[in-house]
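Just below is one structure, and these are the notes that go with it.
Reckoned from all heavy atoms, side chains included, excluding hydrogens, waters and symmetry mates. Treat the numbers as computed from the prediction; the structure is a model and nothing was measured.
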Amino acid sequence: MTRILQELCSLPTAPFLEGRVVEYVKRFVADHKKLRITRDEHGNLLVSLPGKSKAVARWIFTAHMDHPGLISGRMIDKQTVECELRGWVLAELMKGAKVRFFAGKREIPGEIVEVSADGADGRGERGKMARVRVGKAVPANVPGMFDQGKGRIRNGKFYSRVCDDLAGAAAALAMMDRLHENPPASTVAVLLTRAEEEGFIGAVAASIEPRLLKKSDRLVAIECSAAQPYAPIGGGAIIRVDDRTSIFNSSLTFFLTQQAEALVKDDSSFRYQRQLMPGGTCEATVYDVYGFHAASMCVALGNYHNMDRTRGRMAAEFIDVEDWKNMVKLFVAVARAGHTYTGDNTALRTRIEKRFEDLRHLLVAKAGEAGLDGEPQEN
């Protein structure tokens with residue numbers, strides 16, 4: 001199962017330059033005969049597995065295909081290329097960082113020698129432009145990534161130059177691989193969006209001009225979210241209640257929690273958390289704004305956006321392998337149970353009302369003892 005994780009997270013990507021990821025997804029679909037792939041005019045992809053029943057709503061697991069990166073521009077001289085940074089990275093950590101450009105089959109290493117920044121936004125100054133010293137000329141408009149190596153597993157952790165959010169996309173594809181031979185009742189799909197790191201551009205396009213989505217869809221936004229003291233790496237897959245901007249759909253979040261609790265009973269190795277994750281804003285907020293039924297799942301991420309802020313340098317992102325595997329397990333469980341979801345708070349209301357019926361007699365029996373057995377009083 002981790003093969004997909006390692007392969008996908010070893011690909012180069014950057015906002016608006018996600019072509020290598022797109023090609024990988026096309027090959028994945030070609031290897032799975034029951035899958036269907038469609039594309040909107042903005043380059044977002046929808047990979048679908050038709051369900052056994054057409055009478056139930058679709059479940060859409062959505063992740064983005066990009067990661068913060070440098071976009072090459074003009075060569076200032078024979079050894080210096082000027083680049084735009086797309087995605088939020090602290091400018092103070094970038095100078096001296098090693099980078100690698102991906103021009104076709106060629107890989108061109110370099111080192112950042114100068115950085116200019118936008119104004120501080122409450123999280124620090126964001127790098128905007130950079131000059132990179134290289135040994136060979138770099139063609140214009142190719143992606144450059146912080147040179148932190150391909151995906152690899154070490155001591156139970158997965159390290160790569162990119163986990164956010166290709167590890168999320170990999171988890172969704174791993175789910176499809178497991179569902180493929182025996183599809184669930186609901187149609188299940190994976191929406192892969194572009195340019196999330198530049199303001200959810202692909203997700204906004206998919207929401208405003210929904211060629212791929214329907215308002216009846218149940219959306220689960222997938223992320224690698226910066227680890228929090230109460231949501232540690234290694235603590236299990238995370239049902240993400242919110243981001244730094246908004247709270248997600250209550251009934252859908254409760255349904256995800258129900259499936260996680262059922263897994264805990266059936267699988268002693270399964271671990272999950274249900275946490276507030278305010279480290280950034282995710283695509284679930286976009287879908288909620290545009291009236292979709294959206295919740296979120298994630299895994300805790302180390303060195304968010306390649307920033308090792310403790311050591312003051314750029315570094316590989318990392319996640320816990322078991323967290324990732326548990327997220328895949330939860331995806332599969334949700335997909336298989338998806339047809340039972342009613343779209344409202346019926347399940348939670350039923351649980352609350354059962355407790356009420358068990359104890360309502362005490363309201364009457366104890367009212368007199370509490371001096372509450374008269375006519376209702378007005379203030």
In one Ile/Leu/Val/Met/Phe/Trp/Tyr side-chain cluster, 4.5 Å: M327, V188: yes
We want to know whether H67 and D165 form a side-chain donor-acceptor pair, criterion being a heavy-atom distance below 3.5 angstrom. no
Checking S53 now: which residues fulfil side chain to side chain donor-acceptor pair (under 3.5 Å) with it, not counting sequence neighbours? none
If I take atom CE from residue M314 and atom CZ from residue R309, how far apart are they, to the nearest 0.5 angstrom? 11.0 Å
Count the heavy atoms belonging to other residues, nucleotides or ligands that lie under 6.0 Å from NZ of K157, then report whether that count exceeds 12. yes
Step through it carefully: locate the ring centre of F255, locate the ring centre of W59, and say whether they are under 6.0 Å apart. yes
Which residues, ordered by chain and number, are linked to I352 in its hydrophobic cluster, where ILVMFWY side chains connect at heavy-atom gaps below 4.5 Å, directly or through other members? F254, L348
For H180 and H32, take the angle between the two ring planes, folded into 0 to 90°, and tell me which bin it lands in: parallel under 30, tilted 30 to 60, perpendicular over 60. perpendicular
Using the six-membered ring of Y159, assess whether NZ or CZ of R154 lies under 6.0 Å from its centre and within 45 degrees of the ring axis. yes
Rounded to the nearest 0.5 Å, the CG atom of L5 sits from the CZ atom of F158 at a distance of 4.0 Å
Could you walk me through whether R161 and F146 pass the side-chain contact (heavy atoms from CB on, under 4.5 Å) check? CA-CA 6 Å; R161 58 189 169 225; F146 295 104; 5.9 Å; no
Quick check: is L252 connected to L213 through a chain of hydrophobic side chains (ILVMFWY, heavy atoms under 4.5 Å apart)? no
Would D66 and T13 count as a side-chain hydrogen bond (donor to acceptor under 3.5 Å, both in side chains) here? Give the steps. CA-CA 5 Å; D66 63 318; T13 188; over 6 Å; no
Count the heavy atoms of every other residue, nucleotide or ligand shown that sit under 6.0 Å from CZ of R20, and state whether that count exceeds 12. yes
List the steps, then state whether side-chain hydrogen bond (donor to acceptor under 3.5 Å, both in side chains) holds for H305 with E197. CA-CA 10 Å; H305 286 190; E197 300 294 357; 3.2 Å; yes
Determine, using the 4.5 Å side-chain heavy-atom cutoff (strictly less than), whether M297 and I238 are members of one ILVMFWY cluster. no
